Amino acid sequence: MVRNATIPAFSLRRQMLRMSWNKYNLYNMTQRSRVVNNSNKTLYQQKWASKKDTRAYHGDQITERQWQSMFKTRLPTANTKVGGVEPHPPVFSLTYAEMERRLDFIVFRSNFAPSIYAARQLVGHGKVTVNGKPMPYPSHRVTDGDIISVEPTSILTLKKSSKSAEESTEASSEEGVATSGHASPMEFVPQPFSQPFLFVPDYLEVNYNTCSTVFLRSPISRPGKTEIPSPFPPQMHALAYEFYARNRK
């Protein structure tokens, strides 16, 4: 389900949630937090509506054909209890786990881009490498242990500090040579409305000093938590899973 380019991504009327720090997207999330009344819908209508809503957030830039090739009916889980008897969340919350291996998803989840669309742009413009090699394909799916690096000057939340800029200017004027921008220290500048999204999932290990991420493993479901960030409850993911599992060719 690719988003129609003629319809605004953050429409306040449709209230479709996206992978973005946009303020209108945040507003839509607060409005969609209310419980949806499905009593007047058939089971198929509930499945289709859940599929539509969850796909709008999880990879609206991915076609249904691409998603169907990634979809797996067997979902990963770690059915263990560590130091307690916390209830195990429904494993259906991992319906879109395979998408988390995509390069554009990893760049966004690592907080190197303000939206999934900006992450795709970074990858397409050659600002992202995988294991030291340029990878301009957002759909590239990494393997466990791959190292994803992003050019620091392309990250929106990193700015060259004013102090270092003044020092580099003075040094270059005195020596008569230009200094490299990459050698100058940069500082973190948070973007408006980004705070609710600034966290890192357990399956990623991010080093903000080197602007790199290690993909550790596939997301899993453990007692008391599920690792894939999503604004939707597991019940909606379960309905979406049943929709795709039943219609799988």
Side-chain angles (χ1 to χ4, degrees), residues 1-5 7 9 14 16-20 25 29 32 36 38 41-79 88-110 113 115-117 119-120 123-124 128 130 135 137-146 148 201-204 213 215-222 225-249:
M1 182 186 72
V2 178
R3 179 177 60 86
N4 189 339
I7 301 176
R14 301 183 71 219
M16 305 299 289
L17 306 186
R18 312 292 182 181
M19 295 175 62
S20 172
N25 188 54
M29 284 187 178
R32 289 293 298 269
V36 180
N38 288 325
K41 295 181 180 179
T42 65
L43 180 58
Y44 179 82
Q45 289 174 331
Q46 294 180 39
K47 291 179 180 179
W48 190 89
S50 297
K51 166 256 183 187
K52 176 176 67 72
D53 290 340
T54 54
R55 278 284 281 119
Y57 180 83
H58 296 277
D60 68 318
Q61 78 283 7
I62 302 174
T63 65
E64 282 294 294
R65 184 184 294 272
Q66 288 176 308
W67 163 234
Q68 289 282 3
S69 66
M70 288 186 285
F71 176 70
K72 294 182 178 180
T73 55
R74 297 186 62 181
L75 301 177
T77 181
N79 196 9
H88 198 290
V91 72
F92 299 112
S93 57
L94 298 176
T95 298
Y96 299 105
E98 282 300 309
M99 287 189 182
E100 301 299 317
R101 287 185 176 272
R102 285 176 55 103
L103 196 55
D104 50 355
F105 272 67
I106 295 174
V107 172
F108 174 74
R109 297 294 191 200
S110 303
S115 68
I116 191 67
Y117 316 115
R120 287 175 60 85
V123 177
V128 180
V130 177
M135 180 57 66
Y137 306 111
S139 60
H140 174 75
R141 294 162 67 190
V142 303
T143 57
D144 295 356
D146 280 354
I148 299 90
D202 291 345
Y203 50 89
L204 300 178
T213 299
F215 187 86
L216 301 176
R217 52 172 171 73
S218 294
I220 59 175
S221 173
R222 293 185 287 184
K225 68 177 301 186
T226 181
E227 294 184 345
I228 297 181
S230 178
F232 301 104
Q235 293 79 6
M236 288 190 65
H237 285 271
L239 290 170
Y241 171 85
E242 292 175 7
F243 177 90
Y244 284 112
R246 187 175 182 85
N247 292 277
R248 186 176 180 86
K249 296 179 179 180

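These numbers were taken from a predicted model, which means no experiment stands behind them. Residues take their numbers from the sequence shown, with the count starting at 1.
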Looking just at side-chain N and O atoms, do Thr54 and His237 make a donor-acceptor pair shorter than 3.5 Å?
-> no
Are any non-hydrogen side-chain atoms of Arg102 and Val142 less than 4.5 angstrom apart?
-> no
Angle class for the Tyr244/Tyr96 ring planes (parallel below 30°, perpendicular above 60°, tilted otherwise)?
-> perpendicular
Value rounded to 0.5 Å, distance of CE in Met19 from OG in Ser230 | 9.5 Å
Hey, what do you get for CD1 (Ile220) to OG1 (Thr226), rounding to the nearest 0.5 Å?
-> 9.0 Å
Keeping the roles fixed (side chain from Ser110, backbone from Val107), state whether a donor-acceptor pair exists under 3.5 Å.
-> no
NE2 of His58 to CD of Glu100, rounded to nearest 0.5 Å, is 7.5 Å
Does atom OH of Tyr137 have more than 12 heavy-atom neighbours from other groups under 6.0 Å away?
-> no
Do NZ/NE/NH1/NH2 and the carboxylate oxygens of Arg217 and Glu227 come within less than 4.0 Å?
-> yes
Would you find a donor on one side and an acceptor on the other, under 3.5 Å apart, between the side chain of Gln68 and the backbone of Arg65?
-> no
Over all atoms of both residues, closest heavy-atom pair of Met16 and Lys52 = CE-O, 3.7 Å
Using the side chain to side chain donor-acceptor pair (under 3.5 Å) rule, take Gln66 and Ser69 through it: C-alpha gap first, then chi angles, then the decisive distance, then the call.
-> CA-CA 5 Å; Gln66 288 176 308; Ser69 66; over 6 Å; no
Counterpart residues, ring-ring contact (aromatic ring centres under 6.0 Å, His included), relative to Phe105 (two or more places apart) | none
Answer yes or no: is there an ion pair linking Asp60 with Arg55, defined by an N-O contact shorter than 4.0 Å?
-> no
What are the two closest non-hydrogen atoms of Pro219 and Ile228, and how far apart are they?
-> CB-CG1, 3.6 Å
For Arg120 and Asp104 the tightest heavy-atom approach is CG-OD2, 3.4 Å
Which distance, rounded to the nearest 0.5 Å, do you find between the CE of Met99 and the CZ of Arg141?
-> 10.0 Å
What heavy-atom pair brings Val123 and Pro138 nearest, and what distance separates the two atoms?
-> CG1-N, 3.5 Å
Heavy atoms only: give me the nearest Tyr117-Ala9 pair and the separation to one decimal.
-> OH-CB, 4.3 Å
Between Tyr241 and Phe71, what is the ring plane arrangement, given parallel below 30°, perpendicular above 60°, and tilted in between?
-> tilted
Under 30°, 30 to 60°, or over 60°: which ring-plane class applies to Tyr44 and Phe243, parallel, tilted or perpendicular?
-> tilted
Would Leu204 and Ile106 count as a side-chain contact (heavy atoms from CB on, under 4.5 Å) if you check the C-alpha gap in whole Å, the side-chain angles of each, and the deciding distance to 0.1 Å?
-> CA-CA 8 Å; Leu204 300 178; Ile106 295 174; 4.3 Å; yes
Rounded to the nearest 0.5 Å, the CG atom of Asp53 sits from the CE atom of Met236 at a distance of 4.5 Å
Closest heavy-atom pair, Gln46 versus Lys41, reported as atoms and distance to 0.1 Å, is NE2-O, 3.3 Å
Side chains of Arg101 and Ser218, donor plus acceptor under 3.5 Å | yes
To the nearest 0.5 Å, how far apart are CZ in Arg109 and CD1 in Ile116?
-> 7.5 Å
